[in-house]
Amino acid sequence: MNGLIALLGSGEYLSVMDDVDRHLLANCGVTDRKPRVVCLPTAAGKEGDASVNRWSKMGVEHFTRLGADVQAVPVIDAESANDLNHASAVEDADIVYFSGGDPSYLHRTMKDSLVWQAAQKAWARGAVYAGCSAGAMILGREIPDFRAMGLRSIPAFGLIAAAFVMPHFDAIPLFGKPLVSALRGRLKAGEIMIGIDEDTAIVGKQNEEWIVLGHAKAHVFTKNESRSYSAGEKFSLGN
């Protein structure tokens with residue numbers, strides 16, 4: 001990816017994330033026209049039409065209000081992920097935005113699809129990748145199996161230098177804390193896990209500095225150490 005990457009803990013398409021999304025619109029490489037935003041409700045594909053339509057409508061209304069040329073592309077399963085028209089819309093976008101839902105389903109649907117190939121072409125030329133919750137988790141090396149309390153996981157795309165990305169981090173209930181401990185215990189030397197609080201994003205590029213935007217914090221864990229960063233602070237994910 002040559003464009004910015006924005007990973008959100010929660011808050012997609014809500015006014016609480018206006019400043020984050022204005023930052024993405026201002027830094028997507030467009031100067032002479034409205035930025036083109038494509039909203040993908042793929043992670044909610046198993047939840048039925050009502051959920052998919054709700055996320056699509058929210059995305060269109062949100063980015064239209066912020067001055068973008070936006071469309072929701074109904075990629076909800078393997079068939080629609082290989083639709084040539086959908087892939088073309090994604091390839092032409094300046095911001096490719098994945099909202100939340102089931103991270104395993106999202107990864108499975110995107111893997112080896114025409115839409116995912118189109119997204120990579122867009123990012124290669126400098127478009128922004130924005131992923132909230134599930135959309136953030138698929139860029140790590142692995143997606144934890146929550147039913148196994150983090151003791152096993154499935155491979156993800158591994159496009160950022162983090163073993164795991166954990167959204168909604170400040171909202172993890174007490175009974176979820178062993179999951180965090182189990183994931184940290186699986187980290188090897190030099191590996192990290194990222195926790196992103198709700199209504200918060202981390203924005204950056206591969207092998208460059210990242211900045212925290214939004215209302216709370218981001219957390220970077222190694223096996224034995226951790227650091228937290230507030231809005232406006234910068235940090236590195238390493239190589």
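Each residue takes its place number in the sequence, starting with 1.
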Criterion salt bridge (Lys or Arg N to Asp or Glu O under 4.0 Å) on Asp69 and Arg33, from CA distance to verdict: CA-CA 9 Å; Asp69 178 5; Arg33 57 172 171 79; over 6 Å; no
Take Phe164 and Glu142 through the test side chain to side chain contact (heavy atoms under 4.5 Å, CB included) and record every step on the way to the result. CA-CA 6 Å; Phe164 310 105; Glu142 299 176 41; 3.7 Å; yes
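Remark: Arg125 pairs with Asp94, Ala122, Ala127 by the side chain to side chain contact (heavy atoms under 4.5 Å, CB included) rule, at least two apart or across chains. Residues that satisfy the salt bridge (Lys or Arg N to Asp or Glu O under 4.0 Å) test with Asp19, not counting sequence neighbours, are Arg22. Qualifying ring-ring contact (aromatic ring centres under 6.0 Å, His included) partners for Phe221, counting only residues two or more places apart in sequence or in other chains: Phe169. Applying the side chain to side chain contact (heavy atoms under 4.5 Å, CB included) criterion to Glu198, with sequence neighbours excluded, gives Ser10, His168, Asp170, Ala171. Residues satisfying the side chain to side chain contact (heavy atoms under 4.5 Å, CB included) criterion with Val60, sequence neighbours excluded, are Thr64, Val70, Ala72. For Glu233, the salt bridge (Lys or Arg N to Asp or Glu O under 4.0 Å) criterion is met by no residue, not counting sequence neighbours. For the ring-ring contact (aromatic ring centres under 6.0 Å, His included) test, no residue two or more places apart in sequence or in another chain qualifies with His23. Evaluation of the side chain to side chain contact (heavy atoms under 4.5 Å, CB included) rule for Ile76 yields Val52, Ser80 as partners, not counting sequence neighbours. When the ring-ring contact (aromatic ring centres under 6.0 Å, His included) test is applied to His62, no partner is found at least two apart in sequence or on another chain. Annotation: side chain to side chain donor-acceptor pair (under 3.5 Å) contacts of Gln71 (sequence neighbours excluded): none.
Taking the six-membered ring for Trp and the full ring otherwise, the centers of Trp116 and Phe157 sit less than 6.0 Å from each other.
In this structure a side-chain-to-backbone donor-acceptor pair under 3.5 Å is present from Glu191 to Lys188. Judged by distance alone, the side chain of Lys34 and the main-chain N or O of Ala68 form no donor-acceptor pair under 3.5 Å.
Among pairs with a residue in residues 40-55, those fulfilling side chain to side chain donor-acceptor pair (under 3.5 Å) read Lys46-Asp102, Glu47-Ser51, at least two apart in sequence or across chains. Within the structure, ring pair (Phe, Tyr, Trp, His ring centres under 6.0 Å) pairs that include any residue of residues 71-105 comprise Tyr13-Tyr97, Phe63-Tyr97, Phe98-Tyr129 (at least two apart or interchain).
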